[in-house]
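A note on names: the letters A, B, ... follow the listed sequences, proteins ahead of strands, and every chain is numbered from 1. Note that this is a predicted model, so its numbers are computed, not measured. Note that these values count all heavy atoms, side chains included, but never hydrogens, waters or copies made by symmetry.
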Amino acid sequence: MSTTDTNTTAPTQNRAPDFIRQAIEEDIASGRYGGRVATRFPPEPNGYLHIGHAKALCIDFGMAARYGGTCNLRFDDTNPEKEDVEYVDAIMEDIHWLGYDWGDRLYYASDYFGRLYDFAEQLIKAGKAYVCDLTADEVRGHRGTLTEAGINSRFRERSIEENLDLFRRMRAGEFEEGSRTLRAKIDMASPNFIMRDPVMYRIVKTPHHRTGTTWCIYPMYDFAHGQSDAIERITHSLCSLEYEIHRPLYEWFIRELGLYPTRQIEFARLNLTHTVLSKRYLRRLVDEGIVSGWDDPRMPTLCGMRRRGYTPEAIHAFLDRIGVAKTDSVVDFSLLEHCVRDDLNKRAARVMAVLNPLKVVIDNYPDEAVEQLEAVNNPEDASAGTRMVPFSKVLYIEQDDFREVPPPKYYRLHPGNEVRLRYAYYIKCTHVVKDADGAVVEVHCTYDPATRGGQSPDNRKVKSTIHWVSARHALDAEVRLYDKLFTAENPSFEREGGDFTASLNPRSLVTVNGAKVEPSLAGAKAEQRYQFERVGYFCADSMESKPGALVFNRTVSLKDTWAKIAQKG
RNA sequence: UGGGGCGUGGUGUAAUUGGUAACACACUUGACUCUGGAUCAAGUUAGUCUAGGUUCGAGUCCUAGCGCCCCAGCCA
């Protein structure tokens, strides 16, 4: 976890209350839950959290915080075939990273397996549930269609005694996986599929990551979630839109069982342009080696974004701006990038780094001289202070910052032109040295000693200020330029083949090996964030950067007005 | 086709709950600047899915259409 961040759990105040806040405020006003607010964040431990989960958990934890309530963390671990402890710790780390804490309220749906089992027997005894021997295919065949009612299972009218006996034997492991299920006896003709005698329990003989082989029957989501909410006395169970259709069943179980009447409220989940946010696709990216892992800096996972250099504050700001509503929407990736830049601009220390070095020789500068020049660490934050940067006769500048033949409106270095070296001197290009192929390998300049520090006594202006590093003092670094993983706005809609990988961006990672960075970066710590002046925001890679072998990840580029001008020609 | 939900600029959210469409991102132009960054200023794009209706007045209410999303896992 980052140690330098000032994490925040405080929700933004000055925004019109969204519909969830309105609902909660109404419930508080009416005394529906005695003025209490209790929410929960219920991840399934079968993958890593991504920015979409961040929206959900910020709503869950944020609502609780706003109304002085509590938010439980509950792992929804009812499917041993898909879940693993590997994910539990990662999920907790990510929640903490976003600045939230569940105190001592860490729960697992699997903790409730015993009570859930008792609830099931309760429904059987009330004649509201039955053991069904239909195969999965038969169940599907009995379900009906959008317009036709389903048909009742031939096992629907078993006696309570038989159901009880069978269910107990299911639990005892007497039956094969898939051979029987426990189903709620509701209405096979319901226009809502979810109510057509939904499965409550299925037989699964895979060991569970927490309960081991204690159980061989597991509750379905619908038979676990609402009851878990009720057990924890959750007042507001906030979830995404696809569960709206489950609400009648959620309430049916609670009513039939006589449990705490949690209110479920649904909101639209987050969609982002140029990315995918489904576990299935994210898993494929990892499994197929398209990215290096769940924490690849191009991934929209929280661990990936953290490694990329995103801050929790930026994510909170982003989430605050997109709001909460029930409309399906797709948020522009550029809004996220804006929030990241906005945050980093205020806090990232400025340094000079040259990604594609071009040698500059100051012909009239003393051969062996070295000067230490003062540079501002952050123009947005005076308290960040200054540092000394070494200057000498031979420097590196960015290849992009020199043109032998300048295009229109180009006012960086070119023959005859004078520019400022940031915090150093004005230099004027006199001539270049080329190699056999005609490529410029050395730019020769003269400097004006009177402009030390970057100011001219005669007040003459230079149009451009460029960054540089002293050749003999510079450190080598590897720089990873990350960009959007997909070129398509909506990758999952793309292309005839129908595969979302069709729009993978071939330049989502460009590795620069010969970068030259200023010496102050020698001790860059993991996830330490910097602005490479005029280039972008970067952070030391948490996995691979070491002293002597620095690796920096580009979090996001700086806005590049020149690129736009150049593009227009 | 049954059911559930949703339609406001390129994008996302607002609109004192019936009072004359706002904020942000994006985009454009300009100012300023020791980052072509940041900042500041100005500007373009909607007459609120459509058609009727109620009303002095409708994005908000009514009616009928249209469009989009979700649901036929022993996933969550």
Separation of atom [atom1] in [X] from atom [atom2] in [N], rounded to whole Å:
X	N	atom1	atom2	answer
A:D197	B:C74	CG	P	12 Å
A:F41	B:A76	CZ	P	16 Å
A:K484	B:A26	NZ	P	11 Å
A:W252	B:G4	CH2	P	20 Å
A:E242	B:A72	CD	P	12 Å
A:L249	B:A76	CG	P	13 Å
A:R196	B:G4	CZ	P	13 Å
A:E83	B:C75	CD	C1'	9 Å

On RNA chain B, compare the nucleotides closest to A:F19 and A:N79; which residue's is nearer the 5' end?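 In this pair, the answer is A:F19.
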
Salt bridge (charged side-chain N to carboxylate O under 4.0 Å, His left out) assessment of A:K564 paired with A:D560: CA-CA 7 Å; A:K564 282 180 187 169; A:D560 192 348; over 6 Å; no

All N/O contacts under 3.5 Å from nucleotides 15-17 of chain B to the protein, with atom names and distances to one decimal?
none

Whether [Y] and [X] form a salt bridge (side-chain N of Lys/Arg under 4.0 Å from carboxylate O of Asp/Glu) is what I want to check.
X	Y	answer
A:R210	A:E83	no
A:R284	A:D287	no
A:K82	A:E44	no

Looking across every strand, which nucleic acid part, if any, lies under 4.0 Å from [X] by heavy atom: base, sugar-phosphate, or nothing?
X	answer
A:E177	nothing
A:V462	nothing
A:Y243	base
A:Y218	nothing
A:S334	sugar-phosphate
A:H467	nothing

Do any side-chain nitrogens or oxygens of A:R202 fall under 4.0 Å of OP1 or OP2 in B:C75?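 For A:R202, the contact criterion (side-chain N or O under 4.0 Å from OP1 or OP2 of B:C75) is met.
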
How should the glycosidic conformation of B:G43 be described, syn or anti, under the criterion that syn lies within 90° of 0?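 Nucleotide B:G43 adopts anti.
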
Letter per nucleotide, 5' to 3', of [range] [B base touched, S only sugar-phosphate touched, - untouched; heavy atoms, 4.0 Å]:
range	value
nucleotides 36-42 of chain B	BBS----
nucleotides 5-12 of chain B	SSS--BSS
nucleotides 43-49 of chain B	-------
nucleotides 28-33 of chain B	SS----

Is it the case that the ring center of [Y] lies less than 6.0 angstrom away from the ring center of [X]?
X	Y	result
A:F391	A:Y425	yes
A:Y243	A:Y250	no
A:F155	A:Y130	no
A:F538	A:F552	no

Note, RNA chain B 5' to 3' with Watson-Crick or G-U pairs under 3.5 Å encoded as ( ), [ ], | and . gives .((((((..((((.....[..)))).(((((.......))))).....(((((..]....))))))))))).....

Is the [atom1] atom of [X] crowded by more than 12 outside heavy atoms at less than 6.0 Å?
X	atom1	answer
A:K409	NZ	no
A:Q372	CD	yes
A:R452	CZ	yes
A:K279	NZ	yes

How far, in whole Å, is [M] from [N] if one measures between their [atom1] atoms?
N	M	atom1	value
B:C23	B:A14	P	16 Å
B:A51	B:G67	P	16 Å
B:G12	B:U45	C1'	16 Å
B:C49	B:G10	P	13 Å
B:U60	B:A41	C1'	34 Å
B:U55	B:G19	C1'	12 Å
B:A38	B:U44	C1'	24 Å
B:G18	B:G3	C1'	32 Å

Sequence-distant partners of A:D343, side chain to side chain donor-acceptor pair (under 3.5 Å), two or more places apart: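 By the side chain to side chain donor-acceptor pair (under 3.5 Å) rule, A:D343 matches A:T311, A:R347.
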
Restricting to side chain to side chain donor-acceptor pair (under 3.5 Å), what partner residues turn up for A:T386, sequence neighbours left out?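 A:E374.
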
Just by distance, do the side chain of A:N378 and the backbone of A:A349 share a donor-acceptor pair under 3.5 Å?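 Not a single qualifying donor-acceptor pair exists.
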
List in chain and number order the residues that pass salt bridge (charged side-chain N to carboxylate O under 4.0 Å, His left out) with A:K185, two or more places apart in sequence or in another chain; answer none if no residue qualifies.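 For A:K185, the residues satisfying salt bridge (charged side-chain N to carboxylate O under 4.0 Å, His left out) (neighbours in sequence not counted) are A:E157.
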
Please tabulate, for side-chain N and O atoms in residues 53-60 of chain A, each donor-acceptor pair with protein atoms closer than 3.5 Å (sequence neighbours left out).
unit_1, atom_1, unit_2, atom_2, d
A:H53, ND1, A:H50, N, 2.9
A:K55, NZ, A:A268, O, 2.6

Using atom names, set out every protein N or O paired with an N or O of nucleotides 1-3 of chain B below 3.5 Å, distance rounded to 0.1 Å.
unit_1, atom_1, unit_2, atom_2, d
B:G2, O4', A:L146, O, 3.4
B:G2, N9, A:L146, O, 3.1
B:G2, N2, A:P191, O, 3.1

Using the salt bridge (Lys or Arg N to Asp or Glu O under 4.0 Å) rule, pick out the option among A:R412, A:K428, A:R460 that qualifies with A:E418.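 For A:E418, the salt bridge (Lys or Arg N to Asp or Glu O under 4.0 Å) check succeeds only for A:R460.
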
Given the rule in the salt bridge (charged side-chain N to carboxylate O under 4.0 Å, His left out) test, do A:R74 and A:D111 qualify, once you have shown the distances and angles that lead to the verdict? CA-CA 10 Å; A:R74 180 172 72 234; A:D111 291 339; over 6 Å; no

Contacts to RNA chain B from residues 130-143 of chain A, heavy-atom cutoff under 4.0 Å, which residues?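 Close to the strand are A:L134, A:T135, A:A136, A:R140, A:R143.
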
